[in-house]
Amino acid sequence: MNLAEGDADGSATLVSMPADRTVAAPRRNRTIRWVFLDRDGTLNVKPPDGEYIERPDALVLLAGAAEAVRMLNRAGLWTGVVTNQRGVALGRMNIEDLDAIHGRLKRLLHLEGAFVDAIYTCPDGIGACTCRKPQPGLLLEARREHPALDFKHAAIIGDSLSDMQAGRRLGLTTVLVCQEGQDRSAVRVADHVVLDLLEAARLLIAPPACIQAGRQVD
């Protein structure tokens, strides 16, 4: 499988996911102990294209997101966030603003009995570094801080092609949060395709015998 470089852009073939389709459970031959979560569109409501969450009160958790993180916590899985935040490089916000936004994220999770172990952020522009997804720098930063981290026993959950590419480069299990109209290239790169973070958490903790609703595209 060839992986496209850089951010997904330009024209894309969109996926139509029939609600009545049943597919076999994804292959899973490893125990997951480490989980990386994308932020916008996975944990919280994603802003429109070209926009950014620039202040704390603009961050709103997606339905079921806190419950999903709580499930991962209770299962004993280390759980971190890896997020591109180019708005800093563009001058739309600064690092202090970003820290305040992540403070709100932590508080909202805490109110629901959930927490993340770490948040790794790339504030740089496209092509300016090796940490911006789809490059794997944020994941490698986590391993430098946690030498026991074994990517063979780690998963990344996100809603974009760049999340899947970053995980593939280091051999993580890749789980795509896929909505109607998802870019087909992201679906093809993902190991598993789900509708939301809650379904992803259930899959990683206790994969079912089958999954419903056309989560996989031929």
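All values below were derived from every heavy atom in this structure, side-chain atoms included, with hydrogens, water molecules and symmetry-related copies excluded.
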Rounded at 0.5 Å granularity, tell me how far SG in Cys122 sits from CG in Asn84.
5.5 Å

Under 4.5 Å between side-chain heavy atoms, hopping through other hydrophobics if needed: is there a path connecting Leu90 to Ile101?
yes

Give, for atom CG of Leu77 and atom CE of Met71, the distance between the pair rounded to the nearest 0.5 Å.
10.5 Å

What one should report as the nearest heavy-atom pair of Ile156 and Met164 is O-CE, 4.2 Å

Lys133 and Asp38 ion-paired at < 4.0 Å
yes

Would you find a donor on one side and an acceptor on the other, under 3.5 Å apart, between the side chain of Asp97 and the backbone of Met93?
no

Minimum heavy-atom distance Leu109-Ala66, with the two atoms named
CD2-CA, 3.9 Å

Val189 reachable from Leu138 in the ILVMFWY side-chain graph, under 4.5 Å edges:
no

Less than 4.0 angstrom from a charged side-chain N to a carboxylate O is my criterion; do Asp57 and Arg55 meet it?
yes

Leu195 backbone acceptor or donor facing Glu199 side chain under 3.5 Å
yes

Does Arg86 reach the side chain of Pro123, with side-chain heavy atoms less than 4.5 Å apart?
no

Could you tell me the separation between the CZ atom of Arg104 and the CD1 atom of Ile53, rounded to the nearest 0.5 Å?
9.5 Å

Here the gap from Leu204 atom CG to Thr31 atom OG1, rounded to the nearest 0.5 Å, amounts to 11.5 Å

Smallest separation among heavy atoms of Ser160 and Ala186, with atom names
C-CB, 4.3 Å

Kindly work out whether a path of hydrophobic side-chain contacts (I/L/V/M/F/W/Y, heavy atoms less than 4.5 Å apart) joins Tyr120 to Phe151.
yes

Measure across Val193 and Cys178 and return the closest heavy-atom pair with its distance rounded to 0.1 Å.
CG1-CB, 3.4 Å

Min side-chain heavy-atom separation Leu198-Glu67 under 4.5 Å
yes

Side-chain heavy atoms of Val69 within contact of Leu37, under 4.5 Å
yes

Non-hydrogen side-chain atoms of Thr174 and His192 separated by less than 4.5 Å
no

So how far is it from Asp159 CG to Asp40 CG, rounded to the nearest 0.5 Å?
8.0 Å

Hey, any chance Val116 and Leu108 share a hydrophobic cluster, counting ILVMFWY side chains that come within less than 4.5 Å of each other, even indirectly?
yes

Can you see which heavy atom on Phe36 is nearest to which on Ala154, and at what distance?
CE1-CB, 4.4 Å

Intermediate values then yes/no, side-chain contact (heavy atoms from CB on, under 4.5 Å), Thr79 and Phe115
CA-CA 8 Å; Thr79 304; Phe115 64 90; over 6 Å; no

I would like to know whether Arg39 and Gln85 meet side-chain contact (heavy atoms from CB on, under 4.5 Å); could you show each step before the answer?
CA-CA 10 Å; Arg39 198 192 79 179; Gln85 293 299 323; 3.3 Å; yes

Same cluster (ILVMFWY, side-chain, under 4.5 Å), Tyr52 and Ile95
yes

Take Leu197 and Leu62 through the side-chain contact (heavy atoms from CB on, under 4.5 Å) test and state the conclusion after the steps.
CA-CA 9 Å; Leu197 183 57; Leu62 287 164; over 6 Å; no

To the nearest 0.5 Å, how far apart are CG in Leu176 and CG in Asp163?
8.0 Å

Can you establish whether the number of heavy atoms outside His146 located under 6.0 Å from its atom NE2 is more than 12?
yes

Specify the closest pair of heavy atoms between Leu139 and Ala166, including all atoms of both residues, with the distance to one decimal.
CD1-O, 3.7 Å

May I ask you to decide if Ile32's main-chain N or O and His153's side chain share a donor-acceptor pair within less than 3.5 Å?
no

May I ask you to decide whether Arg168 forms a salt bridge with Asp191, counting only side-chain N to carboxylate O separations under 4.0 Å?
yes

Distance-only, no hydrogens or angles: does the Arg70 side chain make a donor-acceptor pair with backbone N or O of Glu112 under 3.5 Å?
yes

Would you say the side chain of Leu61 lies within less than 4.5 Å of the side chain of Leu105, judging by non-hydrogen atoms?
yes

Just do the side-chain contact (heavy atoms from CB on, under 4.5 Å) check on Arg33 and Asp150 with the steps written out, would you?
CA-CA 9 Å; Arg33 302 188 182 98; Asp150 182 351; 5.7 Å; no

